Amino acid sequence: MKTLLLTGFEPFLKYPVNPTMKIAEELHGMEIGGYTIHSEILPVEFSVSGNRLVEHMEAIKPDAVLSLGLSGGRFKITPERIAINVSDGPADNTGHAPVDESIMNDGADGYFTNMPIRKMVDAVKKAGLPAAISNTAGAYLCNNVMYRALHHAQQQHGMLAGFIHIPASHDLAVEHGKVPSWSHEDLKRGIIACIEVLGE
Ligand code: PCA
């Protein structure tokens with residue numbers, strides 16, 4: 001059985017709930033598509049999140065690493081195509097707001113995911129849920145973590161790495177008041193459909 005490192009994020013900015021956290025926690029220990037899921041929750045801190053993810057990759061030595069992030073306002077499940085070597089955006093959970101910083105001075109400008117994102121999108125749609133490939137993960141923590149995972153995975157031959165942004169859950173939308181939302185069960189079903197593709 002292969003191992004999949006699955007990560008979710010803590011709440012951040014104006015989002016008091018992060019649905020990726022609950023999905024990651026609930027899938028921990030499950031077997032999906034030939035992978036045993038090992039979940040970890042990442043902080044939303046530029047100086048910590050990427051390093052923490054790489055530490056988990058080194059400790060767990062997974063065959064694949066898939067990170068989940070909330071994209072409040074999106075209304076589909078969106079596997080990301082590319083991570084760029086930029087950190088720029090609003091304050092993280094420590095108050096740090098980078099402006100036009102590089103993630104890694106010696107890193108490539110960008111990395112394409114090596115996960116089968118087209119097949120993931122098709123599988124989510126087949127499960128009756130809206131999905132699309134996203135061509136930008138932004139320049140905030142999600143892009144940061146995706147970039148670090150792909151940078152590290154390149155040195156571990158054959159390791160798959162990818163990122164999926166998901167919409168708000170209903171419980172977040174009730175508290176937030178102004179984001180489109182999905183049920184937690186549908187979000188989780190969509191992510192399971194994506195992971196099943198990895199086993200094909
Ligand atoms: N979403 C943020 C960071 C944490 C999260 O869940 C992002 O899209 O960058």
Side-chain angles (χ1 to χ4, degrees), residues 5-28 39-56 65-104 107 110-111 113 115 117 120 131-151 161-176 178-184 186-188 190-191 194-195:
L5 172 59
L6 180 70
T7 71
F9 274 111
E10 290 176 345
F12 64 104
L13 291 174
K14 52 191 185 299
Y15 305 111
V17 172
N18 195 327
T20 65
M21 196 167 149
K22 195 169 162 193
I23 293 171
E25 284 170 355
E26 288 183 4
L27 296 187
H28 181 73
S39 299
E40 295 286 349
I41 305 306
L42 299 175
V44 180
E45 298 175 28
F46 281 99
S47 63
V48 180
S49 310
N51 291 341
R52 186 74 56 82
L53 178 63
V54 170
E55 282 164 21
H56 290 314
V65 51
L66 177 63
S67 296
L68 308 177
L70 163 69
S71 184
R74 280 195 194 170
F75 43 83
K76 293 181 179 184
I77 287 196
T78 49
E80 296 290 346
R81 194 191 300 274
I82 186 168
I84 57 173
N85 193 6
V86 178
S87 286
D88 185 272
D92 66 13
N93 284 349
T94 67
H96 176 58
V99 178
D100 300 339
E101 288 177 10
S102 295
I103 297 173
M104 304 201 74
Y111 290 110
T113 184
M115 283 191 169
I117 51 174
M120 285 176 164
I133 289 176
S134 163
N135 292 311
T136 175
Y140 194 55
L141 262 307
C142 291
N143 172 72
N144 188 286
V145 154
M146 182 182 176
Y147 185 92
R148 291 292 302 275
L150 281 161
H151 180 82
F163 196 98
I164 302 177
H165 263 124
I166 66 169
S169 53
H170 292 328
D171 55 345
L172 169 56
V174 166
E175 288 205 45
H176 183 280
K178 270 192 174 174
V179 277
S181 57
W182 285 28
S183 73
H184 170 71
D186 281 347
L187 289 170
K188 193 163 123 182
I191 295 307
C194 290
I195 297 172

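Everything numeric here is computed off the predicted structure, so don't read it as measured data. By convention here, the first residue in the shown sequence is residue 1. Just so you know, ligand 1 is whichever comes first in the structure, and atom 1 is the first atom listed for that ligand.
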Have a look at ligand 1 and work out which part of Asn18, if any, has a heavy atom under 4.0 Å from it: side chain, backbone, both or neither. side chain
Presence of salt bridge, Arg74 and Glu80, under 4.0 angstrom: yes
Of all protein heavy atoms, the one nearest atom 5 (C) of ligand 1 is Phe12 CE2, 3.3 Å
Passes side chain to side chain donor-acceptor pair (under 3.5 Å), His170 versus Ser181? Steps please. CA-CA 5 Å; His170 292 328; Ser181 57; 2.9 Å; yes
Does even one non-hydrogen atom of Glu10 get within less than 4.0 Å of ligand 1? no
By number and element, which atoms of ligand 1 are closer than 4.0 Å to a non-hydrogen atom of Leu141? 3 (C), 9 (O)
Polar side-chain atom of Thr113 near backbone of Ala161 as donor-acceptor pair, under 3.5 Å: yes
Answer yes or no: is there a donor N or O on one side and an acceptor on the other, between the side chain of Ser49 and the main chain of Leu42, under 3.5 Å? no
Among all protein heavy atoms, pick the one closest to atom 3 (C) of ligand 1 and tell me residue, atom and distance. Cys142 SG, 3.3 Å
Check each atom of ligand 1 against the heavy atoms of Gly69 and keep those under 4.0 Å away; list them by number with element. 6 (O)
Side-chain donor/acceptor of Tyr147 to backbone N/O of Ile82, under 3.5 Å: no
Atoms in ligand 1 flagged as close to Leu70, the criterion being non-hydrogen separation under 4.0 Å: 1 (N), 2 (C), 5 (C), 6 (O), 8 (O)
If only atom types and distance count, is the side chain of Asn144 paired as donor or acceptor with the main-chain N or O of Ile103 below 3.5 Å? no
Give the numbers and elements of all ligand 1 atoms closer than 4.0 Å to a heavy atom of His165. 7 (C), 8 (O)
